[in-house]
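Proteins get letters first, then strands, A, B, ... in listed order; numbering begins at 1 in each.
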Amino acid sequence: MARIFGHIPGQPVGSTYARRRDLHDARVHRPTIAGISGTGKEGADSIVASGGYVDDEDYGDVIVYTGHGGRDPNTGRQIRDQELSDPGNAGLVRSHHEGLPVRVVRGQNAESPHAPINGYRYDGLYRVESYGAKVGIDGYRIWQFTLVKIHDAPQESPAESAPPGSVETGPQTEPGPASVIEVLVQRIVRNGKVIQQVKAWYDHTCQICGQQLEVAGGLYSEGAHIQALGSPHQGPDVVENVLCLCPNDHVRFDNGAIYLMDDLKVVNALTGQVTGALKVHPAHRIDVRHVAQHRQRWTTGTPRA
DNA sequence: GGGCCCGCAGGG
DNA sequence: CCCTGCGGGCCC
């Protein structure tokens, strides 16, 4: 069975499964015990986060996921260094380099507010934002992978176009749906100068909530365009149109859960209440025309094409 | 086939 | 709760 990257047809985000075997049967995550599905040559197509590794961190839209290896099978504690060459770890590295999306499944974990109460839940696609090694809680080197949720509109893998019974003979060239590859390429994060400049001004501090998100290897923030890029919004990729936000506030902002007034007060769209003021660095000029466009996009009732 | 892995059930 | 045995599936 070929490895599938991206969503599995018929398995929408939020689907729940009682046991690991059910995840396997649904092809959402094939291994029945292992947390990472993948190899160094192909990349990793899915992971399960069940809280089994003490160094894991789950922030919802950002997951710091510990690689495998080096554990005492009985106690679950690290008893030796992890190796990046182990298949699953190498797979996540490959996914990072290729920009491949990783299906994330969360398992029951009473200590995490993001985990299901029981069983397993498919929580959608993440990209491997970065990875690195550190000495874990148990005193051995671990490899950790920072996974960041992909918030684009769900991209269904195209249905198998080959009719049943149509068997390709000859060498397996693994045709692979081209559209999936295109989507992946589109999702490679642009880390251009504009976003880097904005992040530098704020040192990764969220302009809305003021928090700095610490991940392995440093701080993490996102450059958020106020007036969205591309059709139909046509916002420019300039510092006057970019905010430095934490992932959660980025999601809220991009989906209209929060918007800004012209004086840069922050408004909760559900309540209409001002919840604070945008924090702005003296050198950062924000163009209120983009602020107004974003606000009108989410507060006017005119349907959009 | 050998070894590995973020299960699972059962018993104390 | 912790520990045990018994595992399936996958990668090498």
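- Whole-Å rounding puts the A/Gln108 CD to B/dA9 P distance at 11 Å.
- Regarding A/Asp72, its CG atom lies at a distance of 15 Å from the C1' atom of B/dC6, rounded to whole Å.
- Between the side chains of A/Gln144 and A/Tyr53, no donor N or O sits under 3.5 Å from an acceptor N or O.
- Interatomic distance, CG of A/Asn89 versus CD1 of A/Ile36, reported as 5.0 Å (0.5 Å rounding).
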Inset, instruction - Could you run through nucleotides 7-12 of chain C and give me one letter per nucleotide, 5' to 3': B if any protein heavy atom sits under 4.0 Å from the base, S if only the sugar-phosphate is that close, - if neither? - result: BBSSSS
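- Between the CD1 atom of A/Ile137 and the P atom of B/dC6 there is a distance of 17 Å, rounded to whole Å.
- No N or O donor and acceptor, one from the side chain of A/Asp86 and one from the base of B/dC4, sit under 3.5 Å apart.
- A/His284 and A/Tyr202 share a side-chain donor-acceptor pair at under 3.5 Å.
- One interatomic measurement links the two molecules: CD1 of A/Ile47 to C1' of B/dC6, which rounds to 9 Å at whole-angstrom precision.
- Following rounding to the nearest Å, A/Asn118 (CG) and B/dA9 (P) show an atom-to-atom distance of 12 Å.
- Of the inter-residue distances, the one linking A/Asp254 atom CG with A/Trp298 atom CH2 reads 8.0 Å to the nearest 0.5 angstrom.
- No contact: A/Gly107 has no heavy atom under 4.0 Å from any strand.
- A donor-acceptor contact shorter than 3.5 Å links the side chain of A/Arg20 to the backbone of A/Pro31.
- In this structure, OH of A/Tyr65 is placed 12 Å from P of B/dC5, rounded to the nearest angstrom.
- Across all strands shown, B/dG10 forms a Watson-Crick or G-U wobble pair with C/dC3, both key distances being under 3.5 Å.
- In this structure, CZ on A/Arg3 lies 12.5 Å from NZ on A/Lys41, to the nearest 0.5 angstrom.
- In this structure, A/Leu23 atom CG and B/dC6 atom C1' are separated by 12 Å, rounded to whole Å.
- Mapping A/Arg80 and A/Tyr120 onto DNA chain B by nearest heavy atom places A/Arg80 closer to the 5' end of the strand.
- Rounded to a whole Å, the NE2 atom of A/His68 is 14 Å from the P atom of B/dG7.
- A/Glu222 places no side-chain N or O within donor-acceptor distance of the main-chain N or O of A/Leu243, the cut-off being under 3.5 Å.
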